[in-house]
Amino acid sequence: MLSYIVRLVQEFEQEHGVHPNLLYLNEQHLQHLQEGLREGNNLQRVRDILHMDIVLTRESVHPHVLWTQTAYQLAG
């Protein structure tokens, strides 16, 4: 899962010239990601590692990333 997300981030950066700040996942994606990072249930640690906020949604069939000004302003 981590390699997939890294690829999404790289493709996004190449296309838009900015690191995404939001990662959309469903609960299963998050579970696989946490297992791969060996971070257990520590969602904040996963966010710190990825440098992105995580949005959990049931509608997310595949993980995807994006950048929004709102998330950027909240972080700053």
Side-chain angles (χ1 to χ4, degrees):
M1 178 61 67
L2 181 58
S3 63
Y4 180 78
I5 292 171
V6 168
R7 188 166 24 106
L8 287 176
V9 169
Q10 290 173 340
E11 290 172 359
F12 187 92
E13 287 178 332
Q14 288 176 350
E15 185 174 340
H16 301 285
V18 64
H19 185 84
N21 57 11
L22 291 176
L23 171 62
Y24 284 81
L25 301 171
N26 66 32
E27 299 265 340
Q28 290 176 328
H29 299 145
L30 179 60
Q31 182 180 4
H32 289 296
L33 179 59
Q34 288 173 319
E35 289 170 1
L37 292 173
R38 299 180 192 174
E39 292 299 324
N41 292 325
N42 188 343
L43 185 58
Q44 183 59 47
R45 182 69 181 128
V46 173
R47 286 158 55 191
D48 292 344
I49 290 169
L50 297 175
H51 304 286
M52 290 186 280
D53 285 325
I54 296 173
V55 178
L56 290 177
T57 175
R58 292 184 183 125
E59 291 80 28
S60 183
V61 177
H62 301 285
H64 62 278
V65 296
L66 61 93
W67 185 91
T68 66
Q69 182 70 29
T70 303
Y72 179 75
Q73 288 175 342
L74 290 174

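- Around atom CD of Glu27, no more than 12 heavy atoms belonging to other residues, nucleotides or ligands sit under 6.0 Å away.
- The minimum heavy-atom distance between Asn26 and His29, with the atom names listed, is OD1-N, 2.8 Å.
- Leu8 and Val65 make their closest contact through O-CG2, 3.9 Å (heavy atoms, listed as atom of the first residue, atom of the second, distance).
- The two atoms that bring His19 and Leu50 nearest to each other are NE2-O, 3.5 Å, heavy atoms only.
- In this pair, His64 and Tyr24 present their aromatic rings parallel. The plane angle is below 30°, not in the 30 to 60° band.
- When all heavy atoms of Val46 and Gln34 are compared, the closest pair comes out as CG2-CG, 3.9 Å.
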Step by step, work out the side chain to side chain contact (heavy atoms under 4.5 Å, CB included) result for Asp53 and Asn21.
CA-CA 6 Å; Asp53 285 325; Asn21 57 11; over 6 Å; no

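- Each of Leu33 and Val61 belongs to its own hydrophobic cluster when Ile, Leu, Val, Met, Phe, Trp and Tyr are linked at side-chain heavy-atom distances under 4.5 angstrom.
- Residues Leu23 and Pro63 share a closest heavy-atom pair of CD1-CB, 4.4 Å.
- Between Leu25 and Leu56 the shortest side-chain heavy-atom distance falls below 4.5 Å.
- The shortest non-hydrogen separation linking Trp67 to Phe12 is N-CZ, 3.5 Å.
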Might you work through the side chain to side chain contact (heavy atoms under 4.5 Å, CB included) test for Ile5 and Met52, ending with a clear yes or no?
CA-CA 11 Å; Ile5 292 171; Met52 290 186 280; 4.3 Å; yes

